[in-house]
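Worksheet: the structure to be examined is printed underneath.
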2 protein chains.
Amino acid sequence: MHPLFKYINKYASTLISEKDFEVFRSHFSEKKIRKKQYLLEEGEICKYFAFILKGAMRKYYIDEKGVEHVVNLYIENWWAGDRESFVMFTPSIYHIDAWEDCELLLITRESILELCRQFPAFNELLLKLDERNNIATQRRITSSISFTAEKRYADFVDCHPYFLHRFPQHIIASYLGITKDTLSRVRKKALKK
Amino acid sequence: MHPLFKYINKYASTLISEKDFEVFRSHFSEKKIRKKQYLLEEGEICKYFAFILKGAMRKYYIDEKGVEHVVNLYIENWWAGDRESFVMFTPSIYHIDAWEDCELLLITRESILELCRQFPAFNELLLKLDERNNIATQRRITSSISFTAEKRYADFVDCHPYFLHRFPQHIIASYLGITKDTLSRVRKKALKK
DNA sequence: TATATTCATAGACATTTGTCTACGTTTTTT
DNA sequence: AAAAAACGTAGACAAATGTCTATGAATATA
């Protein structure tokens with residue numbers, strides 16, 4: 001079964017038919033990108049959201065000192081894109097690139113709106129995704145403002161173990177808002193326990 | 001015009017009639033709570049989302065040392081509640097209380113789902129709110145992991161000037177993930193510029 | 001009005017985290 | 001196979017932030 005078909009039927013309460021799925025699929029375009037290639041660069045408008053069939057990606061922000069700050073990590077069955085730019089048609093402040101070679105399904109804003117009109121199940125899917133996303137980001141903010149680096153890392157290991165063997169430590173450190181050096185110390189301390 | 005009526009027609013693309021609004025309103029119950037009283041306490045399930053007609057509220061998390069960490073601030077025309085608990089029916093880790101005397105409109109999860117079924121405009125409204133919320137939290141996470149305390153405060157003053165005269169500095173400091181002492185230093189430094 | 005509480009700031013000191021350099025290992029590229 | 005790049009750790013030092021105590025002003029409460 002196609003991963004996207006599986007994915008949609010996993011989240012929507014009413015299953016869609018194989019036939020409907022073909023209409024669905026026609027709104028997506030396949031794209032393969034190689035490691036280190038960009039899906040989105042700073043200053044561009046995010047024209048596509050990407051459903052990841054295979055591979056790993058990251059979204060990051062480069063500050064005025066040239067330091068990269070990883071904002072999101074993505075693997076299979078996740079959506080990658082900059083929502084703000086995608087919805088508002090404003091230039092993005094983020095870069096999104098492939099950390100591993102990727103197979104993606106791209107979709108435009110217009111196609112999303114069209115699919116929502118045509119398939120209530122898709123609309124429902126998007127509502128649920130936003131809901132989940134809101135819950136997850138709320139947790140991340142809570143963790144970010146109230147936990148120590150040590151606890152944030154422990155929390156990360158608990159919640160996202162599948163990221164541990166896909167991204168190196170300096171990327172995870174950046175995602176947690178700390179430096180690789182601090183993460184290295186935190187890990188050393190944790191080992192002693 | 002009723003503030004909620006105004007609010008709905010501001011965000012939905014199709015206007016709702018005065019008559020429809022009465023159906024709408026019947027799903028909300030009015031509640032007044034006084035300063036320091038709780039809308040939600042830790043361990044409870046969040047049964048109501050609150051639309052704030054008047055007043056100011058805050059959501060916070062209390063860590064194992066007993067320290068309060070402010071996660072959200074709310075004023076008129078904002079929605080207060082814990083989405084995770086509201087949707088998943090799990091005990092909340094947050095407290096929500098009134099910082100000023102408040103007038104609220106409460107609505108249950110069932111009523112929200114019912115209104116979504118009955119009024120596509122309401123469904124659309126919720127989608128847009130989630131979209132905006134996602135964009136805002138994304139920005140907050142970016143700020144939190146990549147900005148210094150000084151920049152985070154400057155950013156806060158830019159984005160939420162209306163909070164400045166509603167909440168004292170130690171609350172704002174907590175919202176920014178720093179102590180009141182650090183915020184005091186940051187402000188002192190900023191004055192010199 | 002008197003009293004208690006909240007609030008903002010300050011300074012001294014401790015702790016955490018960042019910065020930088022270095023090194024050995026592993027992985028990737030040529 | 002050789003060279004280059006990426007990776008993780010370590011230590012020395014610097015900077016940022018937290019902790020604690022104190023104080024005076026503003027605000028709320030009795």
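Letters go in sequence order (proteins before strands), and every chain restarts at 1.
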Whole-Å distance separating the [atom1] atom of [X] from the [atom2] atom of [N]:
X        : N      : atom1 : atom2 : value
A:Leu164 : D:dG8  : CG    : C1'   : 15 Å
B:Arg187 : D:dT17 : CZ    : C1'   : 18 Å
A:Phe167 : D:dG8  : CZ    : P     : 13 Å

Does anything in residues 42-51 of chain B pair up under side-chain hydrogen bond (donor to acceptor under 3.5 Å, both in side chains), and if so which pairs, sequence neighbours excluded? B:Glu42-B:His95

According to side-chain contact (heavy atoms from CB on, under 4.5 Å), who are the partners of [X], at least two apart in sequence or on a separate chain?
X        : result
A:Glu131 : B:Arg83, B:Val87, B:Arg109
B:Pro168 : B:Trp99, B:His170, B:Ile171
A:Asp63  : A:Tyr61, A:Lys65, A:Val67, A:His69

Min and max contacting nt of DNA chain C in 5' to 3' order, chain B heavy atoms within under 4.0 angstrom, are C:dT6 to C:dA12

Can you list the residues that meet the side chain to side chain donor-acceptor pair (under 3.5 Å) rule with B:Tyr175, with sequence neighbours excluded? none

Report the residue (B:Ala149 or A:Trp99) whose heavy-atom-nearest nucleotide on DNA chain D is the more 5′ of the two. A:Trp99

So, is A:His170 close to the D:dA6 phosphate, meaning a side-chain N or O under 4.0 Å from OP1 or OP2? no

Between A:Gln169 and D:dA6, is there a contact of a side-chain N or O with OP1 or OP2 at under 4.0 Å? no

Would you list the pairs meeting salt bridge (Lys or Arg N to Asp or Glu O under 4.0 Å) in which at least one residue belongs to residues 1-24 of chain A, sequence neighbours left out? none

Is there any salt bridge (Lys or Arg N to Asp or Glu O under 4.0 Å) pair reaching into residues 158-170 of chain B, and which pairs are they, with sequence neighbours excluded? B:Glu76-B:Arg166, B:Glu100-B:Arg166

B:Lys54, NZ: over 12 other non-hydrogen atoms inside 6.0 angstrom: no

Which of residues 171-184 of chain B have a heavy atom under 4.0 Å from DNA chain C? B:Lys180, B:Asp181, B:Ser184

Pull out every residue in residues 154-162 of chain A that has a heavy atom closer than 4.0 Å to any atom of DNA chain C, ordered by number, or say none. none

Is there any protein nitrogen or oxygen under 3.5 Å from a nitrogen or oxygen in nucleotides 23-29 of chain D, and what are the pairs?
none

Per the atom types in the model, does the base of D:dG11 pair as donor or acceptor with the side chain of A:Arg185 at under 3.5 Å? no

Are [X] and [Y] close enough that a side-chain donor and a side-chain acceptor fall under 3.5 Å?
X        : Y        : result
A:Arg187 : A:Tyr153 : yes
B:Tyr94  : A:Thr142 : yes
B:Lys59  : A:Gln138 : yes

Are the side chain of B:Asp82 and the backbone N or O of B:Cys46 linked by a donor-acceptor pair below 3.5 Å? no

Just to verify, what does B:Glu110 make a salt bridge (charged side-chain N to carboxylate O under 4.0 Å, His left out) with, not counting sequence neighbours? none

